[in-house]
Number of protein chains: 2
Amino acid sequence: MAGFSVPPGLSRRRFLSAVGAAGGAGAMFATMGALGLAPTARSSPRYEPPRRSDFALTGRAAAKVVVLGGGIAGLAAAYELAKGGYDCTVLEAADRPGGRNFTARAGTVHTDLRGDTQTAVFSDGVYLNTGPARIAQWMVTLDYCRELGVPIEVFTNVNASAFIYNEAAGMRNPVRVRTAKADMYGYVSELLAKATDRGALDGELTATDKERLLDFLRDWGAIGDKAAGRRYIGTPRRGYSVDPGAGDQAGVPLGPVPSLAQTFADGTGRYFSFDFTYDQAMLMFQPVGGMDLIPAALAAALGPHRVRLRTAVTGIANGPNDVTVDFLDRTGKPGRLTADFCVAALPPNILARIPHNLGADVQAALGAWQVGTAAKIGLEYRSRWWETDYRIYGGITNTDLDIERIWYPSHGFHGPRGLLVNYCYGEHAKSYGELRPGPRVERAVAQGVKIHGEKHRTELANAFSVAWHLMPHIEGAWAIPPLGTPAYQLLGKPAGRVYFAGDWLSHLTAWQAGAFESARLAVKHLHGRVLSG
Amino acid sequence: MAGFSVPPGLSRRRFLSAVGAAGGAGAMFATMGALGLAPTARSSPRYEPPRRSDFALTGRAAAKVVVLGGGIAGLAAAYELAKGGYDCTVLEAADRPGGRNFTARAGTVHTDLRGDTQTAVFSDGVYLNTGPARIAQWMVTLDYCRELGVPIEVFTNVNASAFIYNEAAGMRNPVRVRTAKADMYGYVSELLAKATDRGALDGELTATDKERLLDFLRDWGAIGDKAAGRRYIGTPRRGYSVDPGAGDQAGVPLGPVPSLAQTFADGTGRYFSFDFTYDQAMLMFQPVGGMDLIPAALAAALGPHRVRLRTAVTGIANGPNDVTVDFLDRTGKPGRLTADFCVAALPPNILARIPHNLGADVQAALGAWQVGTAAKIGLEYRSRWWETDYRIYGGITNTDLDIERIWYPSHGFHGPRGLLVNYCYGEHAKSYGELRPGPRVERAVAQGVKIHGEKHRTELANAFSVAWHLMPHIEGAWAIPPLGTPAYQLLGKPAGRVYFAGDWLSHLTAWQAGAFESARLAVKHLHGRVLSG
C-alpha cells in the first residue's frame, strides 16, 4: 500500500477501495461511489433479523445453511440466520474462529505459510490484536458488542503526548504531537492573518468575515494581534520542559520554536488529518480483554456443534435444489455436507482456489479483488517506561520509518507490563514478512530505538508478530473491492444457492463492520428468498 | 468567569490564574510567569519524600504535625510526612475526606449553605464527580494513582461525534464536532491556498515553503488542487447521513455544506483550541469508579485515627516552640491540639475567617485570592440514548447556552443507565446556584433539549447538583492566586510554624495536581527545617 497518495478528505482505506477498480472510468465511478456521489447511493433500510415467527403465515420453514469460513462475516451470517431458526453449520479451516480477528495471548501458537512457528509468551493481561483492533462509534460492530455482552473501552487512536518522527525529512529528534500541531497551526494562522490584513482575500471575505476569521485564528493558532504583527512566536500549548508546579514554579515552555520553513520541512502536518476521517476519528473503542471476544461470543451463541474448526472446504457444488460442500475434517478425512443454501464467507483469493461449479464469470470476478497485506509486531516490555519516562498513556507515534507507527497500549495503565505494537502496510509489511520472526523483531526494535532510545530494546521481554500475507487460509490483510464494476455487482448476488459475504463485499473494506454489514445483507437476501420461495 | 476573553494559546484556567493578579504591571508579570518567561522560572527538582532514615545522622526526630483541611493538599501533606515518620493529624470539617474532590453516589447526602439537602439516588455504577474529574498525562496526580493503586481509565475530553451549538449565533441545529471542524479547516485551507497562489505571502514563503504548505493544506483541509480552484466543497470527514455499508451502499455524505460566511458566523471554531492546551489535551484520565478513590486511598493509607472528620478549626496560635489549634469536634465540643508544626491546607477564603495570630500581613494576603465558582449538574438517564440514538460514546458537547457544556459518560458504555453532566462556571454557575435543586434541574434540562430533543427530558431518572459557592467549608470552586505579588510570595513561606498548602499556592489552580505539588513543596520545606533545625 505504500506510495499511494490519498486524495484530500478521503480515508486511506476508503481510498484503497476506490483505486481497487481497474482505473480510468471505473476508478472514477468507484471514487464517486465512495464519496456517496454515485447514483446508486441509497438510504439504509433498518436491519431486521430473521425471526421464527416470520414463517408463521407462509407455511414455509427455515432452511439448512452451510457457511464457509468462521471469520466475522461467516459467524455473523450464521448467528443472524440462527435467530430465524435456520440450521447453520460453519466450516472453518483454522483451529479457532475469528479469521482475521485473531488475538494472541500467552500460549497462542501461530505457524505461518513458511512454517515458522511462534508461541506467544505474554504476561497475564497482555495481548496483541493481530488483526482488527479499533471500532468507530458509528460502526455496527459496537451494536454486536452490546448485543453479545462484550464490554468495551476506549481505544486510544490519537494522543497529543505521542511523537511524530520523519527521519527522511532530516528531523533530529521526535517531536510531540502537541508541539508539532501548535507550530503548524501557529504558522498557518500567521500566514492567513497576514494575507487577510493585506487584502489578498478581499474577493472572498466581507469585513465581517474577516473579523470572525481573525478572531478565530488568534485563538486557534495562538498568534499575536495586528499590533503584534500577527506573529506566531510559540505557545505553552507546545508543552513544557519544566512543568508548571507549586510556589514559584511557573513552568518553562518547551523551546526553541522552529522557523516556519523548518516546520514545513519537517512535514509533521501530514499526520494531522488521520483523525479527521469518519473511520478513524476519536473516540474509538475496543473490547475489554481482546478483539477476539467478539468471534468467541458469536461462536458461543451458535454452540460448538455449529462451528466446525480445522475443517477445510475442498469443493462447492451448486445444485437445482441444494448445495453440496466437500471438506477435509480435523483428522484429514474427507466429508460432505448438503444444505439448502450456502454462504461463502471466505476471502475472495481463497475462495477462488476451491473447485466449484459456480461458473467462469464467478471465478473471473473473484480475481478482480486486489489483495493487500499488513503486519503487526507486538513487543512486550518488562515495564511501562513510556508512561513513567515519557508520560505517554496510550495513543500512536507516527513515523516515516518502515515500522510506520508505534501503538501504545489502551489498557492496563500503570500495570507491571505492556505491549507496544508496530503496524505497517504493503511493501513495509512484505519486507518484514520476508524476515524470520526473530530478525523481524530485531529490525523493528532498532527502528523504535530512534524514537524512545535504548529502553525500547533493553526492556523488551517478548514479541509476537503476524505478516498477513503469510497467514494460512487467509493470505492477506484485506481484499480491495472493485467497486462499481460488474465483478463487484455479480458477487453481490447469489450464484445459484451460494451467497457471498465479507468485508470485501462492502464499502467498509478491512473493517469488521464491513463483514457484519455484508453478512446482514446476505442473510436478508437469503431469508427473503426462503420466505417468498 | 463568564465574559473573559482568553488570550491565544493560554488555557482558560491558566489565564484565570494570570488575571488573578491585581492588574497592570502585576497582571503582566503574572502572565509572564504563567508563560514561563518570568525570571523566577526554574528547573523542577526531583521530589524526594521524607524518609525515616533521613534522621539517622542528624540525631533529630520526626515532629508532630497538625494538618488543617482534609482535601487533596492536606491529605497529601500528611501522607508524605508520614513517610518520614511524622506524627500527623488531619482535621477536616466535613464528614468525608477529599474537599472539592467529592463524588456523589447512591446515598450521598449534600446540604448546601442555604440548607437545601439533596440525597443522590443514582443506580449502581453511576456517580458524579462534582469537583475535579479529569487528569492530564503529565500531572503528578497520576503518580499518586499509581502509588496508591487507584486504577485509571480514559476520560473522554473530546469526541468528534459530540455536538457544538451556538444559539446566539442563530444556529438552527447542533452540528457534530467532526462536521464543524471539516468545514472550518476546509475554508481556512481554501483561503490560505488562494492567498499563497496569488503571491500575497511571497515575502514569507520560498517556492519550497509554498509547495509544502499547499501539499499540507490539500490533505489537511480536504480542498481541491490548483486546477480545481483550491475550493472546499465538502468532504466525507463531515460525516454521513447514510453510513457506508455492504453491497451498493456507498453511504451518503452529510450535506449541504454551509458557505464560508455561514461557517464563520456559526462560530463553532471557538471550541477547537480547548484540546490544544497542555492541561486539557487528550488523552485525559480518571480513576475507575470515581475521583474520590484518590482521597479515600490517601485517608486509608494514613489510617482513620489520623483523619478526624467533622472537626472544624476555630483558632490557630503560632508559638515559639509549637502550634496550638482549637477546634470543635464531631459532637460540637471544643478541643485543642498542640503540635510542632501546622500545615494549613484550607481554601484561603475559609482560612481568612479563622482567628489566628499569624499577623496582619498574612490576613491581608489571604484576601488577595479571587474566589471563583462553578456548578455541576448530574443527570441520570434510564437509558443511554446518546449511544444508541446519536452514536456518542463519551466526550463533550459545547454550547453557548447557560449550561455551557454536556459531558457524556466516560465509563459504563452499553450499560443500562448513565449520567450526563452540565458543567458551567462563574455567572452561569451563580445563576444556577440561585435556584433550588429542583428548578435547577428543570432549567438545565430545558437547555439540553435544544441539543438532544425530548429524550433529554423524558428519559431523566435522577439528578444531583452542586454549586460550589454554596458548599459548606469551601465556598468556591477555586481561588485564583495573585501570582507574582508579595501576597503570593508571603504565603509561599511559613508564618512561624504554620505552612500553607493548596492548589491556590500553585501555577495549577483548580487542578488536583496543584494541590499535590503544593503539599510536596510544603513538606519539603518543613522536613528541611526539621532536619537542619
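Below, chain A is the first sequence line, B the second, and so on; all start at residue 1.
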Enquirer: Taking every non-hydrogen pair under 4.5 Å, which of B:Leu201, B:Asp143, B:Leu505, B:Val140 racks up the most with chain A?
Expert: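 Maximum pair count with chain A is reached by B:Leu201.
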
Enquirer: To the nearest 0.5 Å, what is the distance between CG on B:Leu260 and CD on A:Glu204?
Expert: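 B:Leu260 atom CG to A:Glu204 atom CD measures 8.5 Å (nearest 0.5 Å).
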
Enquirer: Does some side-chain heavy atom of B:Val158 sit less than 4.5 Å from a side-chain heavy atom of A:Met282?
Expert: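 Side-chain contact under 4.5 Å: no.
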
Enquirer: Quick check: closest heavy atoms across A:Leu508 and B:Pro244, and the distance to 0.1 Å?
Expert: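 Shortest heavy-atom separation between A:Leu508 and B:Pro244 comes out as CD1-O, 3.3 Å.
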
Enquirer: Could you check whether any side-chain heavy atom of A:Tyr240 comes within less than 4.5 Å of a side-chain heavy atom of B:Trp138, counting everything from C-beta outward?
Expert: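 Side-chain contact under 4.5 Å: no.
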
Enquirer: Tell me whether A:Arg391 contacts the main-chain N or O of B:Met139 through its side chain, where contact means a donor paired with an acceptor under 3.5 Å.
Expert: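 Yes.
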
Enquirer: Where along residues 149-156 of chain B does a heavy atom come under 4.5 Å of chain A, listed by residue number?
Expert: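 Those residues of residues 149-156 of chain B which have a heavy atom under 4.5 Å from chain A are B:Ile152, B:Val154, B:Thr156.
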
Enquirer: Does a side-chain heavy-atom distance below 4.5 Å link B:Thr388 with A:Arg146?
Expert: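 Sidechains of A:Arg146 and B:Thr388: in contact.
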
Enquirer: Flag the one option from B:Gly492, B:Ala515, B:Ser161, B:Ser241 with the top tally of heavy-atom pairs under 4.5 Å to chain A.
Expert: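 So the answer, after comparing B:Gly492, B:Ala515, B:Ser161, B:Ser241, is B:Ser161.
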
Enquirer: Chain B heavy atoms under 4.5 Å from A:Tyr185: which part of the residue, side chain, backbone, both or neither?
Expert: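 Just the side chain, heavy atoms under 4.5 Å.
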
Enquirer: For B:Glu211, does the CD atom have more than 12 heavy-atom neighbours from other residues, nucleotides or ligands under 6.0 Å away?
Expert: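 Atom CD in B:Glu211 is not crowded, with 12 or fewer foreign heavy atoms closer than 6.0 Å.
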
Enquirer: Taking A:Thr196, A:Thr263, A:Leu142 one by one, which has the highest count of heavy-atom pairs under 4.5 Å against chain B?
Expert: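 Sorted descending by pairs with chain B, the first entry is A:Leu142.
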
Enquirer: Side chains of B:Thr208 and A:Phe264, heavy atoms from C-beta outward: is any pair under 4.5 Å?
Expert: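 No. Closest side-chain heavy atoms not under 4.5 Å.
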
Enquirer: Short question: side chain of A:His507, backbone of B:Gly247 - any donor-acceptor pair under 3.5 Å?
Expert: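 Yes; judged by distance alone, with no hydrogens or angles, the pair exists.
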
Enquirer: Do the rings of A:Phe216 and B:Phe272 sit parallel, tilted or perpendicular, given the 30° and 60° boundaries?
Expert: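 Answer is perpendicular, since the angle exceeds 60°.
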
Enquirer: Is a salt bridge present between B:Arg212 and A:Asp266, judged by a nitrogen-to-oxygen distance below 4.0 Å?
Expert: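 A:Asp266 and B:Arg212: not salt-bridged.
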
Enquirer: Enter the distance from A:Gln137:CD to B:Arg178:CZ here, rounded to the nearest 0.5 Å.
Expert: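 So the gap between those two atoms works out to 7.0 Å.
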
Enquirer: By a 4.5 Å heavy-atom criterion (distance strictly below it), what part of A:Ala261 contacts chain B: side chain, backbone, both, or neither?
Expert: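 Answer is both: backbone and side chain atoms of A:Ala261 are under 4.5 Å from chain B.
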
Enquirer: Quick check for you: to the nearest 0.5 Å, what is the distance between B:Gln262 atom CD and A:Asp209 atom CG?
Expert: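 The CG atom of A:Asp209 is 10.5 Å from CD of B:Gln262, to the nearest 0.5 Å.
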
Enquirer: Quick one: does B:Phe413's side chain get under 4.5 Å of A:Cys145's, heavy atoms only?
Expert: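 The answer is no, as the side chains (C-beta and beyond) never meet within the 4.5 Å cut-off.
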
Enquirer: Using atom types as modelled and distance alone, determine if a side-chain donor or acceptor of A:Arg198 lies under 3.5 Å from a backbone N or O of B:Ala200.
Expert: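 Pair found, side chain donor or acceptor close to backbone of B:Ala200.
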
Enquirer: Mind checking whether A:Tyr393 and B:Phe285 have parallel, tilted or perpendicular rings, split at 30° and 60°?
Expert: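 If you compare the ring of A:Tyr393 with that of B:Phe285, the planes turn out tilted.
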
Enquirer: When rounded to the nearest 0.5 angstrom, what is the spacing between CG in A:Leu192 and CG in B:Leu192?
Expert: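 Between atom CG of A:Leu192 and atom CG of B:Leu192 there are 5.5 Å.
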
Enquirer: I want to check something: taking the side chain as every heavy atom from C-beta on, are B:Asp215 and A:Arg270 in contact at a cut-off of under 4.5 Å?
Expert: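 Sidechains of A:Arg270 and B:Asp215: no contact.
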
Enquirer: Looking at chain B, which one of A:Gly239, A:Gly514, A:Gly395, A:Ala265 has the largest number of heavy-atom pairs inside 4.5 Å, strictly under?
Expert: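 Option with the greatest count: A:Ala265.
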
Enquirer: With a 4.5 Å limit on heavy-atom distance, are the side chains of B:Ser273 and A:Arg237 in contact?
Expert: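 SC-SC contact between B:Ser273 and A:Arg237 confirmed.
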
Enquirer: Determine the option with the most heavy-atom pairs under 4.5 angstrom with chain A, choosing from B:Gly245, B:Gly394, B:Ala160, B:Ser518.
Expert: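 Top option by heavy-atom pairs under 4.5 Å: B:Gly245.
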
Enquirer: Which answer fits A:Val177, side chain, backbone, both or neither, if we ask what part of it has an atom under 4.5 Å from a heavy atom of chain B?
Expert: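 Neither part, no heavy atoms under 4.5 Å.
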
Enquirer: Among A:Phe516, A:Phe274, A:Tyr488, which residue forms the greatest number of heavy-atom pairs with chain B at distances under 4.5 Å?
Expert: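 The option with the most such pairs is A:Tyr488.
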
Enquirer: Against chain A, work out which of B:Gly267, B:Gly234, B:Gly269 has the most heavy-atom pairs shorter than 4.5 Å and name it.
Expert: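 The candidate making the most pairs under 4.5 Å is B:Gly269.
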
Enquirer: Can you confirm whether A:Tyr187 sits close enough to B:Leu213 that some side-chain heavy atom of one is under 4.5 Å from a side-chain heavy atom of the other?
Expert: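 Counting from C-beta outward, A:Tyr187 and B:Leu213 never come under 4.5 Å.
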
Enquirer: Identify the two heavy atoms, one from A:Val188 and one from B:Val188, that lie closest to each other, and give their separation to 0.1 Å.
Expert: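 For A:Val188 versus B:Val188, the nearest heavy atoms are CG1-CG1, 4.3 Å.
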
